S.K.: 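Take a look at the following structure, please.
In this text the structure is predicted, and so the values were computed from the model without any measurement.
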Amino acid sequence: MPVEAPTWLNPGDTSWQMTAATLVGLMSVPGLVVLYGGVMQKRWSINSMMLTFAAFSVVLIIWVLYAFKMGFGSPFHGVSHSGFFGNFIGKPGPVLSHKELQGQSNIPLLGSQAFPKSTLVYFQFVFAGITPILMLGSVLGRINFKAWIPFVALWITFVYCVNAFLIWGGGFFGHHGALDYSGGYVIHLAAGVSGFVAAAVIGPRLQRDREIDAPNNLAMVAVGAGLLWLGWNGFNGGDPYASNMSAAAAILNTNLCTAVAFMVWIGWDYLTGRKPSLIGSVNGMIVGLVAITPGAGFVNGWGAIIIGVVASTLVYFALNYLSRAKPFRNVDDTLGVVYTHGFAGLAGGLLVGIFANNAMAETTLAGTISGGGLHLLGWQALTALWVIVFSSIGTFILLKLVGLVVPLRMTDEEMEIGDIAVHGHEVYPSDVPSLGYPAGVPQAAAPAAGGAT
């Protein structure tokens, strides 16, 4: 027999938040699973997919045990807004009791929402879950699977949760007006710089992996990219915490900016004498998605178009030309995450300071174009500087700590062999014994003597 919903619960908002969270979850599983599995060389396909599944699982477990409240709970040192460290991090704790699962959602410094707390916990989990998976793109092809699992748990605890609380949970930067609608800073900028630091600390792939760019399945890449694009409707459309006009505007802005960035990337390919490739164009798509994320509900459609043009152009030249300069050329960032997420997230966040429109329902703050002067832009820049410095230093320290217990890098033998050495099977196993085993498929039993052949 159905149980009557409490008066505070809005069925429409609850349904939309759960749908939006599922769309975001699909961006990771299977979105980035198949994208990474397709874009990597054949012998690294299984490893990249396993690393993605592992990160998604680890984050969910620690999220409900203690991490959610560190990012969105009560301040560790009380509720005072005074000073930076007064609202630096939330007090850890579980969200597994019947009250936490069924009671009204609430972020102590921001107020209550019209859906259950379990809805909020899961919605914020899929954001947390995708962040280390994005970072993973920088270190594919050499990170030790055994080291990745504890590193993810530590990084979410001591880096992600701090940034989330400071910007989203009512902490210092959020209290002073810094805007990050859906994670241009908390997710993408942090993942970009952390991935770059991790790539530098762990070291490069084998030389032959760096020289030969051989995606094993471009159809998988296209499917993964499509899941990212449409999944982003939940990413940005879910952040008003309501099924309303702001959600609709954010979704349209997201798709518009992405389409513009995609076409601008192709345009630059032609103008620079290149052929428009699927991999390159997907990078342009991702740049559009990332760049609009900090301001999807804060800018109007014209702002979304301009952000797509500016961010796609900036990242295109960074990826193709700045990458040749120090220190970028000395670090093997496997999928260029520092460009498509770090640079794009930074550009989008700063452009919010210029194009935020206080006529939009989600914000009363005006960017430079709307007459707000440099106030908002200044806080956007200061917040970005914090995320870059803190995430970089935190990632470096955590990697060194993990490295004291388990090697961060695969052995040379494992890197030569790939998936079979690490996981015992490969993505396209052979069922022909003459092609060699082990390949993840058992050999057929020999027929009994005198039996049919």
S.K.: How about F88 and F85: are their ring centroids closer than 6.0 Å?
M.R.: yes
S.K.: Looking at OH of Y241 and OG of S105, how far apart are the two atoms once the value is rounded to the nearest 0.5 Å?
M.R.: 8.0 Å
S.K.: Indicate the ring-plane relationship of F235 and H188, choosing parallel, tilted or perpendicular according to the 30° and 60° boundaries.
M.R.: tilted
S.K.: Using a strict 4.0 Å threshold on nitrogen-to-oxygen distance, state whether E416 and R208 make a salt bridge.
M.R.: yes
S.K.: Donor-acceptor pair, Q124 side chain versus F68 backbone, under 3.5 Å?
M.R.: no
S.K.: Report, as yes or no, whether the 6.0 Å neighbourhood of atom CD on Q207 holds more than 12 heavy atoms from other residues, nucleotides or ligands.
M.R.: yes
S.K.: Under the side chain to side chain contact (heavy atoms under 4.5 Å, CB included) criterion, do N320 and R274 qualify, and how do the steps go?
M.R.: CA-CA 11 Å; N320 287 291; R274 296 178 172 88; 3.8 Å; yes
S.K.: Aromatic rings F328 and Y339: how do their planes relate, parallel, tilted or perpendicular, breaks at 30° and 60°?
M.R.: tilted
S.K.: Indicate yes or no: at least one non-hydrogen side-chain atom of W265 is less than 4.5 angstrom from one of V287.
M.R.: yes
S.K.: List the atom of A304, the atom of V299, and the distance in Å for their closest heavy-atom pair.
M.R.: N-CG2, 4.0 Å
S.K.: Backbone N or O of H423 within a donor-acceptor pair of the D419 side chain at under 3.5 Å?
M.R.: no
S.K.: What are the two closest non-hydrogen atoms of G137 and Y36, and how far apart are they?
M.R.: N-OH, 3.7 Å
S.K.: Give, for atom CG of L166 and atom CD1 of I89, the distance between the pair rounded to the nearest 0.5 Å.
M.R.: 7.5 Å
S.K.: Between R205 and D332, is a salt bridge (charged side-chain N to carboxylate O under 4.0 Å, His left out) present by the stated rule, with each step listed?
M.R.: CA-CA 7 Å; R205 292 167 290 167; D332 178 24; 2.8 Å; yes
S.K.: Do you know which two heavy atoms are closest between V24 and G234, and how far apart they sit?
M.R.: CG2-C, 3.5 Å
S.K.: Return yes if some donor-acceptor pair links the side-chain N/O of N163 with the main-chain N/O of V186 below 3.5 Å, else return no.
M.R.: no
S.K.: Closer than 3.5 angstrom, by distance alone: can the side chain of H341 be matched with the main-chain N or O of V337 as a donor-acceptor pair?
M.R.: no
S.K.: Verify side chain to side chain contact (heavy atoms under 4.5 Å, CB included) between K275 and D269, making sure each step is shown before the conclusion.
M.R.: CA-CA 6 Å; K275 294 180 180 180; D269 271 338; over 6 Å; no
S.K.: Nearest 0.5 Å, please: how far is OG1 in T258 from CE in M285?
M.R.: 7.5 Å
S.K.: Can you tell me how the ring of W386 sits relative to the ring of F390, calling it parallel under 30°, perpendicular over 60° and tilted otherwise?
M.R.: parallel
S.K.: Quick check against the 3.5 Å criterion: does W44 have a side-chain atom that pairs as donor or acceptor with the backbone of G418?
M.R.: no
S.K.: List the steps, then state whether side chain to side chain donor-acceptor pair (under 3.5 Å) holds for N233 with N255.
M.R.: CA-CA 8 Å; N233 290 343; N255 285 266; 2.8 Å; yes
S.K.: Could you check whether any side-chain heavy atom of F343 comes within less than 4.5 Å of a side-chain heavy atom of L346, counting everything from C-beta outward?
M.R.: no
S.K.: Indicate yes or no for a side-chain donor-acceptor contact from D333 to the backbone of F196 under 3.5 Å, with no hydrogens or angles considered.
M.R.: no
S.K.: With sequence neighbours excluded, tell me which residues meet salt bridge (charged side-chain N to carboxylate O under 4.0 Å, His left out) with E414.
M.R.: none
S.K.: Just so I know, are the side chains of W379 and F173 near enough to count as touching, which here means a heavy-atom distance under 4.5 Å?
M.R.: yes
S.K.: Mind listing the closest non-hydrogen atom pair of W268 and Y316 along with its distance?
M.R.: O-OH, 3.4 Å
S.K.: Return yes if some donor-acceptor pair links the side-chain N/O of S391 with the main-chain N/O of A190 below 3.5 Å, else return no.
M.R.: no
S.K.: Is it the case that the side chain of R409 and the backbone of P204 share a donor-acceptor pair, with hydrogens and angles ignored and the cut-off at 3.5 Å?
M.R.: yes
S.K.: Looking at CG of L351 and CG of L377, how far apart are the two atoms once the value is rounded to the nearest 0.5 Å?
M.R.: 9.0 Å
S.K.: The test is side chain to side chain donor-acceptor pair (under 3.5 Å); show your working for W155 and S194 and say whether it passes.
M.R.: CA-CA 9 Å; W155 192 88; S194 296; 3.3 Å; yes
S.K.: Please answer whether the main-chain N or O of L51 pairs with a side-chain N or O of W148 as donor and acceptor at a distance below 3.5 Å.
M.R.: yes
S.K.: Please answer whether the main-chain N or O of S138 pairs with a side-chain N or O of T334 as donor and acceptor at a distance below 3.5 Å.
M.R.: yes
S.K.: Run the numbers on N236 and S182 for side chain to side chain donor-acceptor pair (under 3.5 Å), then give the verdict.
M.R.: CA-CA 6 Å; N236 289 345; S182 285; 3.1 Å; yes
S.K.: Within the 4.5 Å heavy-atom criterion, are I187 and T293 side-chain neighbours or not?
M.R.: no
S.K.: Should the pair Y122 and F125 be assigned to parallel (<30°), tilted (30 to 60°) or perpendicular (>60°) ring geometry?
M.R.: tilted
S.K.: Side chains of L60 and F56: does their closest heavy-atom pair fall under 4.5 Å?
M.R.: no
S.K.: Do the side chains of K117 and N106 get nearer than 4.5 Å, heavy atoms only?
M.R.: no
S.K.: How close do Q41 and D209 get, counting heavy atoms only, and between which atoms?
M.R.: NE2-O, 3.3 Å
S.K.: Output the distance between atom CD1 (I149) and atom OG (S57), rounded to the nearest 0.5 Å.
M.R.: 9.0 Å
S.K.: Return the minimal non-hydrogen interatomic distance between G349 and P294, and the atom names on each side.
M.R.: N-CG, 3.5 Å
S.K.: Should we say atom CZ of F396 is surrounded by more than 12 heavy atoms from elsewhere, each under 6.0 Å from it?
M.R.: no
S.K.: Go through H175 and N87 one step at a time and tell me if the side chain to side chain donor-acceptor pair (under 3.5 Å) criterion holds.
M.R.: CA-CA 9 Å; H175 180 66; N87 288 303; over 6 Å; no
S.K.: How far does CD1 of I202 sit from CG of L399, to the nearest 0.5 angstrom?
M.R.: 5.5 Å
